[in-house]
Amino acid sequence: DDALRSWSERLQKKYGVPFPEDFFAFYDFCKSKSAKCPEEALVDLLGLTLAGPFDFLSGRMDKLPRSSYMSCYLHDRYFYDPPEMITVIKGSSETDHHFGYFRDDPADLPCFVVENHAKRGCELKSIGQNL
């Protein structure tokens, strides 16, 4: 699909890393649940919001004033996030619960998905191979 390839190339250019097919499939699933606001499709049921690179897909990053635009490398990062992690889902702000792709090598697809509660500590917990 040309649209998928275009988004994949754009995100890889912004982040410097490839994104797996499940990233785009998960976004399509969220769009099927909430076409107007896919980034909030999981809020009512799970208390989760799509974040990070999903903000580029949804156009949220385009709505930010240029003066507050942050580097994609810092967007939705938390205190204990290592450079190998890219946040893709945010949960409770009380604990800074978030999920991200983790990869050992920037040229490779993510190895697995991790979660962290940044206000509780630095422990990353592996929760699966994809979203």
Side-chain angles (χ1 to χ4, degrees):
D1 176 79
D2 289 340
L4 172 66
R5 188 172 26 261
S6 173
W7 273 113
S8 181
E9 289 170 1
R10 289 171 67 185
L11 284 175
Q12 184 163 355
K13 187 175 181 177
K14 283 190 179 299
Y15 282 85
V17 296
F19 283 83
E21 287 185 26
D22 72 275
F23 174 83
F24 299 100
F26 190 72
Y27 188 71
D28 286 342
F29 167 77
C30 290
K31 281 195 323 190
S32 76
K33 299 298 174 196
S34 178
K36 289 186 179 184
C37 199
E39 62 274 11
E40 296 183 9
L42 307 173
V43 170
D44 290 339
L45 182 63
L46 301 170
L48 302 174
T49 305
L50 302 185
F54 285 117
D55 288 342
F56 287 98
L57 292 181
S58 70
R60 273 176 134 174
M61 294 299 288
D62 299 336
K63 297 173 188 171
L64 291 176
R66 202 69 180 146
S67 61
S68 68
Y69 182 82
M70 294 170 29
S71 163
C72 63
Y73 303 110
L74 301 176
H75 181 64
D76 285 331
R77 291 195 62 81
Y78 292 81
F79 185 75
Y80 293 112
D81 289 355
E84 296 88 354
M85 180 181 174
I86 295 176
T87 300
V88 292
I89 298 174
K90 297 187 288 190
S92 168
S93 61
E94 290 179 19
T95 62
D96 280 347
H97 185 216
H98 61 291
F99 302 83
Y101 282 127
F102 189 94
R103 63 184 87 224
D104 286 325
D105 184 330
D108 294 340
L109 290 172
C111 302
F112 45 86
V113 176
V114 296
E115 74 173 325
N116 170 258
H117 294 266
K119 289 184 180 175
R120 293 183 187 163
C122 62
E123 179 183 355
L124 294 176
K125 179 181 175 187
S126 174
I127 59 165
Q129 292 183 341
N130 61 52
L131 297 175

I would like to know whether Leu50 and Ser58 meet side chain to side chain contact (heavy atoms under 4.5 Å, CB included); could you show each step before the answer? CA-CA 9 Å; Leu50 302 185; Ser58 70; over 6 Å; no
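- The side chain to side chain contact (heavy atoms under 4.5 Å, CB included) search around Asp105 returns Ala107, Asp108, not counting sequence neighbours.
- Note that OG1 of Thr49 is 8.5 Å distant from CD of Glu39, once rounded to the nearest 0.5 Å.
- Taking hydrophobic clusters as Ile, Leu, Val, Met, Phe, Trp and Tyr residues chained together by side-chain heavy-atom distances below 4.5 Å, Ile89 shares a cluster with Leu46.
- Residues passing the salt bridge (charged side-chain N to carboxylate O under 4.0 Å, His left out) test with Asp2 are Arg5, sequence neighbours excluded.
- Residues Leu48 and Leu45 fall within the same hydrophobic cluster, defined by Ile, Leu, Val, Met, Phe, Trp and Tyr side chains chained together at heavy-atom separations under 4.5 Å.
- Under the 4.5 Å side-chain heavy-atom criterion for ILVMFWY residues, no single connected hydrophobic cluster contains both Tyr80 and Phe102.
- No more than 12 heavy-atom neighbours from other residues, nucleotides or ligands sit within 6.0 angstrom of CD on Glu21.
- In terms of heavy atoms, Pro106 sits closest to Val17 at O-CG1, 3.4 Å.
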Sequence neighbours left out, cut at 3.5 Å: what donor-acceptor pairs do the side chains of residues 111-122 make with other protein atoms?
| from | atom 1 | to | atom 2 | distance (Å) |
| --- | --- | --- | --- | --- |
| Glu115 | OE1 | His97 | NE2 | 2.6 |
| Asn116 | OD1 | Ala118 | N | 2.9 |
| Asn116 | ND2 | Gly121 | O | 3.1 |
| Asn116 | ND2 | Glu123 | O | 2.9 |
| His117 | ND1 | Thr95 | OG1 | 2.9 |
| Lys119 | NZ | Ser93 | O | 3.0 |

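- Every pair passing salt bridge (Lys or Arg N to Asp or Glu O under 4.0 Å) that includes a residue from residues 85-101 is listed here, sequence neighbours excluded: Asp76-Lys90.
- Considering only heavy atoms from C-beta on, Arg103 comes within 4.5 Å of Pro18 through its side chain.
- With values rounded to the nearest 0.5 angstrom, Leu57 atom CG is found 8.5 Å from Arg10 atom CZ.
- For the atom pair CZ (Arg77) and NE2 (His98), the distance works out to 8.0 Å, reported to the nearest 0.5 Å.
- With sequence neighbours excluded, the residues forming a side chain to side chain donor-acceptor pair (under 3.5 Å) with Thr87 are Asp81, listed by chain and number.
- By the side chain to side chain contact (heavy atoms under 4.5 Å, CB included) test, Pro20 pairs with Asp22, Phe23, Tyr101, Leu109, Pro110, sequence neighbours left out.
- Every residue two or more places apart in sequence or in another chain that forms a salt bridge (charged side-chain N to carboxylate O under 4.0 Å, His left out) with Asp28 is listed here: Lys31.
- Residues satisfying the salt bridge (charged side-chain N to carboxylate O under 4.0 Å, His left out) criterion with Lys33, sequence neighbours excluded, are absent altogether.
- If you chain together hydrophobic residues whose side chains sit under 4.5 Å apart, Tyr78 and Ile86 never meet in one group.
- Within the 4.5 Å cutoff, the side chain of Leu124 has heavy atoms near those of the Pro82 side chain.
- Met85 and Phe99 fall into different hydrophobic clusters, defined by Ile, Leu, Val, Met, Phe, Trp and Tyr side-chain heavy atoms under 4.5 Å apart, directly or through other members.
- For residues 24-44, the ring pair (Phe, Tyr, Trp, His ring centres under 6.0 Å) pairs, not counting sequence neighbours, are Tyr27-Phe54.
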